[in-house]
Amino acid sequence: MDSGLWTLELLGVFFSLTACLCSLVTLMMPRWLTLSTELLPTESFQLGLWETCVVQDLGVTECRPYDSLLGLPSDIRLARILMCATLGTGLIGLLFAIPGIYLVNSCRRTESFEAKRTLKMLGGIFSVVTGVLGLVPVSYVAHLTVLRFFDESVPSVVPRWEFGDALFFGWTAGGLHLAAGFLLVTSCLFLQDETFSLHQSIVLNRARPEQSPRRRTEYV
């Protein structure tokens, strides 16, 4: 098998794993939106999918989880659902992609070219779907934040929410998922039957040389 295809497969799995970690950070981080006011310069507020936090100037952070899902704003509720789905589909795609790469042989005696190619293709498709799912909630929250920030009907003295670090982690995760899916699918398209051979089991006990056909038939 061409070493270039190995590189595509390993990069695809690495990007997929990194994207899943970024999606987890995005889901759990409370810094989706931040707010600071001139009236209280010693405090800033953070809005996440699971809780809201108040950060004081001395470094003390106090967080309070949301009471119920139905009482949340529609954008936060949608973002929470889609980010949970993003993390789930990302892990499923990773579970498909790892057994499908050339360097991993989970079942030596039963694996075939078509089976590994199908697993890798499914992993790439799930990675693309995961990237789209991850970009939708992050971009939607960012879009609403921009609209509310430049809303002329609200007085300029009223504090407004701004982008938090979690949004950038979410965009990074979505881009890595799309890149991982593209690499995995591309490696499947360029993979040919004649360039693929599974690892063979190593024979530990070699056959002994045949003994001489002469046998002792008499006793001395």
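All of these numbers come straight from a predicted model, not from anything done at the bench.
- Interatomic distance, Leu33 CG to Leu144 CG, rounded to the nearest 0.5 Å: 9.5 Å.
- In this structure, Met83 is a member of the same hydrophobic cluster as Val128, with clusters built from ILVMFWY side-chain heavy atoms closer than 4.5 Å.
- Between the Lys116 side chain and the Ile101 main chain, a donor and an acceptor come within less than 3.5 Å of each other.
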From CA spacing to verdict: side-chain contact (heavy atoms from CB on, under 4.5 Å), Gln56, Ser44: CA-CA 7 Å; Gln56 299 180 358; Ser44 62; over 6 Å; no

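- Cation-pi contact between Arg80 and Trp50: present, with separation from the ring centre below 6.0 Å and deviation from the ring axis of at most 45°.
- A donor-acceptor contact shorter than 3.5 Å links the side chain of Thr26 to the backbone of Cys22.
- There is a path of hydrophobic side-chain contacts, each under 4.5 Å, that joins Val136 to Leu87.
- Residues Thr118 and Glu114 share a closest heavy-atom pair of OG1-O, 2.7 Å.
- Between the CG atom of Asp165 and the OG1 atom of Thr34 there is a distance of 8.0 Å, given to the nearest 0.5 Å.
- How far SG of Cys84 is from CG of Leu27: 5.0 Å, rounded to the nearest 0.5 Å.
- Counting only heavy atoms from C-beta outward, the side chains of Tyr140 and Leu78 approach each other to under 4.5 Å.
- A donor-acceptor pair is defined here as one N or O able to donate and one able to accept, closer than 3.5 Å; such a pair exists between the side chain of Arg77 and the backbone of Leu72.
- For the pair Leu178/Thr130, no side-chain contact is recorded, criterion being any heavy-atom separation below 4.5 Å from C-beta on.
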Is there a side-chain contact (heavy atoms from CB on, under 4.5 Å) between Leu183 and Phe15? Walk through the geometry before answering. CA-CA 9 Å; Leu183 291 174; Phe15 285 169; 3.7 Å; yes

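- Between Val54 and Thr61, the closest side-chain pair of non-hydrogen atoms is not below 4.5 Å.
- Closest heavy-atom contact between Leu176 and Ala19: CB-CB, 3.6 Å.
- When all heavy atoms of Leu8 and Ser187 are compared, the pair lying nearest together is CB-CB, 4.0 Å.
- Across Gly123 and Leu184, no two heavy atoms sit closer than the pair C-CD1, 4.0 Å.
- Taking CZ of Phe169 as the start and CZ of Arg31 as the end, the distance is 10.5 Å to the nearest 0.5 Å.
- In this structure, CG in Asp75 is found 7.5 Å from OG1 in Thr145, a value given to the nearest 0.5 Å.
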Thr86/Ser23 under side-chain hydrogen bond (donor to acceptor under 3.5 Å, both in side chains): CA gap, chis, key distance, verdict: CA-CA 7 Å; Thr86 298; Ser23 296; over 6 Å; no

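- Without hydrogens or angle criteria, Arg117 side chain to Cys188 main chain gives a donor-acceptor distance under 3.5 Å.
- For the residue pair Ser139 and Trp171, a side-chain donor N or O sits within less than 3.5 Å of a side-chain acceptor on the partner.
- Leu133 and Met28 end up in the same hydrophobic cluster when Ile, Leu, Val, Met, Phe, Trp and Tyr side chains are linked at under 4.5 Å.
- The two residues Ser153 and Asp151 make their nearest non-hydrogen contact at OG-OD1, 2.8 Å.
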Show the numbers, then the answer: is there a side-chain contact (heavy atoms from CB on, under 4.5 Å) between Leu35 and Leu47? CA-CA 8 Å; Leu35 184 146; Leu47 179 66; over 6 Å; no

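- Tyr102 places no side-chain N or O within 3.5 Å of a backbone atom of Glu9 that could act as its donor or acceptor partner.
- In this structure, Phe168 and Phe163 have perpendicular ring planes: the angle between them is above 60°, well past the 30° mark.
- Two different hydrophobic clusters hold Val25 and Leu21 under the rule that ILVMFWY side chains link at heavy-atom gaps under 4.5 Å.
- A distance of 10.0 Å separates CE in Met29 from CG in Leu24, rounded to the nearest 0.5 Å.
- A continuous path of ILVMFWY side-chain contacts below 4.5 Å connects Leu135 to Val138, so both sit in one hydrophobic cluster.
- Between Cys53 and Pro30, the closest heavy-atom pair is SG-CB, 4.0 Å.
- By the 4.5 Å heavy-atom criterion applied to side chains, Glu51 and Gln46 are not counted as neighbours.
- Judged by distance alone, with hydrogens and angles left aside, the side-chain atoms of Lys120 form no donor-acceptor pair with the main-chain N or O of Val185 at under 3.5 Å.
- Side-chain atoms of Thr52 and Cys63, non-hydrogen and from C-beta on, never get closer than 4.5 Å to each other.
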